[in-house]
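Everything on this sheet refers to the single structure shown next.
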Amino acid sequence: KNISFDQIGQTLPDPFAETSENHHLIGVANIFLDVLFHDVSLDYQTPIISQHGEVSGRLLVSIERTSGSLHSEAGGEASVGVRVAIRAASGLPPSLAQFVFCRYRFWGEEEAVTVSPHTQPGHTTASFTFDHEREIVVAASEELLEHCAEGALSIEVRHVGDVCLYFKNLHTISICI
């Protein structure tokens, strides 16, 4: 059946319409990157700070430099490897604990990484397990040195209002019971 351009989105759903995101920011967990100057792994229960400046829970994050060096005397290092791991979220408000996910973007990356929980949606506790681990390799530069000395990795912790809609948008399930 042929339809006119004016009928798109009225009689049939618009195939190009973007679905509205049905998730809300619980807070942001910041982990400072100065640990990357040292040969240690940092496991930290970083507070999740809400938009109102209150602690909304804790996010267990691990970060370590796995290759290269950030010290200026290293000279010819072309790249630096960093391992970021998001393990768990705990102490979240019960009203926001239906389904939680994280989103972050490491220095120099264009796309944000979305981390879904390992825990099944619909559980009733205020804790989520993520088991996310990722190795990132970035070019060593003066800008990276400055960012690691003064900056942080900000991890958004978000709550999905409609779990069914979230999974349908990911195309992982088609029916939600």
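What you see below is based on every heavy atom in this structure, not just the backbone, and it leaves out hydrogens, waters and symmetry mates. Starting from 1, each residue takes its place in the sequence as its number.
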### Message
Strictly distance-based, threshold 3.5 Å: is any side-chain N or O of Ser67 a donor or acceptor partner for the main-chain N or O of Val80?
### Response
no
### Counterpart residues, side chain to side chain contact (heavy atoms under 4.5 Å, CB included), relative to Ala139 (two or more places apart)
none
### Residues forming a salt bridge (Lys or Arg N to Asp or Glu O under 4.0 Å) with Arg58, sequence neighbours excluded
none
### Query
If Ile, Leu, Val, Met, Phe, Trp and Tyr residues are connected whenever their side-chain heavy atoms lie under 4.5 Å apart, and connections chain through other members, are Val113 and Val84 in the same group?
yes
### Query
Quick one: are Ile48 and Val28 in side-chain contact, heavy atoms under 4.5 Å?
no
### Query
For Leu92 and Phe128, what are the C-alpha separation, side-chain angles and deciding distance, and is it a side-chain contact (heavy atoms from CB on, under 4.5 Å)?
CA-CA 9 Å; Leu92 300 171; Phe128 289 82; 3.9 Å; yes
### Task
Enter the distance from Glu111:CD to Arg103:CZ here, rounded to the nearest 0.5 Å.
10.5 Å
### Query
Should Ile155 and Val115 count as side-chain neighbours, where that means a heavy-atom distance under 4.5 Å?
no
### Query
Do you know which two heavy atoms are closest between Phe101 and Ser116, and how far apart they sit?
CB-CA, 4.3 Å
### Query
Taking only residues two or more places apart in sequence, or in another chain, which ones meet Gln45 in a side-chain hydrogen bond (donor to acceptor under 3.5 Å, both in side chains)?
none
### Linked hydrophobic residues, Val55 as query - side chain contacts closer than 4.5 Å
Ile49
### Task
Look at the side-chain heavy atoms of Ile, Leu, Val, Met, Phe, Trp and Tyr, link any pair under 4.5 Å apart, and say whether Val138 and Leu33 land in one connected group.
yes
### Query
With sequence neighbours left out, what residues match Val137 under side chain to side chain contact (heavy atoms under 4.5 Å, CB included)?
Ser79
### Distance, nearest 0.5 Å, that separates CZ of Arg65 from SG of Cys148
9.5 Å
### Message
For Phe106, is the CZ atom crowded, meaning more than 12 foreign heavy atoms sit under 6.0 Å from it?
### Response
yes
### Message
Under the rule for side-chain hydrogen bond (donor to acceptor under 3.5 Å, both in side chains), what residues qualify as partners of Ser154, not counting sequence neighbours?
### Response
Asn30
### Task
Quick one: list whatever passes side-chain hydrogen bond (donor to acceptor under 3.5 Å, both in side chains) with Asp43, sequence neighbours left out.
Ser62
### Task
May I ask whether Trp107 and Ile86 are part of the same hydrophobic cluster, defined by side-chain heavy atoms of I, L, V, M, F, W, Y residues being less than 4.5 angstrom apart, directly or through others?
yes
### Contacts of type side chain to side chain contact (heavy atoms under 4.5 Å, CB included), residue Thr46, not counting sequence neighbours
Ala29, Tyr44, Leu59, Val61
### Query
What residues, two or more places apart in sequence or in another chain, satisfy side-chain hydrogen bond (donor to acceptor under 3.5 Å, both in side chains) together with His132?
Tyr104
### Query
Can Leu25 and Gln51 be said to form a side-chain contact (heavy atoms from CB on, under 4.5 Å), step by step?
CA-CA 8 Å; Leu25 182 66; Gln51 293 171 324; 3.5 Å; yes
### Task
Applying side-chain contact (heavy atoms from CB on, under 4.5 Å), run through Val40 and Leu42 and close with a yes or a no.
CA-CA 6 Å; Val40 296; Leu42 176 65; 5.7 Å; no
### Query
Of all heavy-atom pairs between Arg158 and Ile26, which one has the smallest distance, and what is that distance?
C-CD1, 4.0 Å
### Task
Work out which heavy atom in Gly91 is nearest to a heavy atom in Ser127; give both atom names and the distance.
N-OG, 4.5 Å
#### Entry: Verify same cluster id: Phe32, Leu144 (apolar side-chain graph, 4.5 Å)
no
#### Entry: Considering all heavy atoms, the nearest Cys102-Val157 contact
SG-CG2, 4.2 Å
### Task
Take the angle between the ring planes of His159 and His24 and call it parallel below 30°, perpendicular above 60°, tilted in between.
parallel
### Minimum heavy-atom distance Arg105-Glu110, with the two atoms named
NE-O, 3.4 Å
### Pairs involving residues 126-137, ordered by first then second residue, that meet salt bridge (charged side-chain N to carboxylate O under 4.0 Å, His left out) (sequence neighbours left out)
Arg83-Glu133, Arg83-Glu135, Arg87-Glu133, Glu109-Arg134
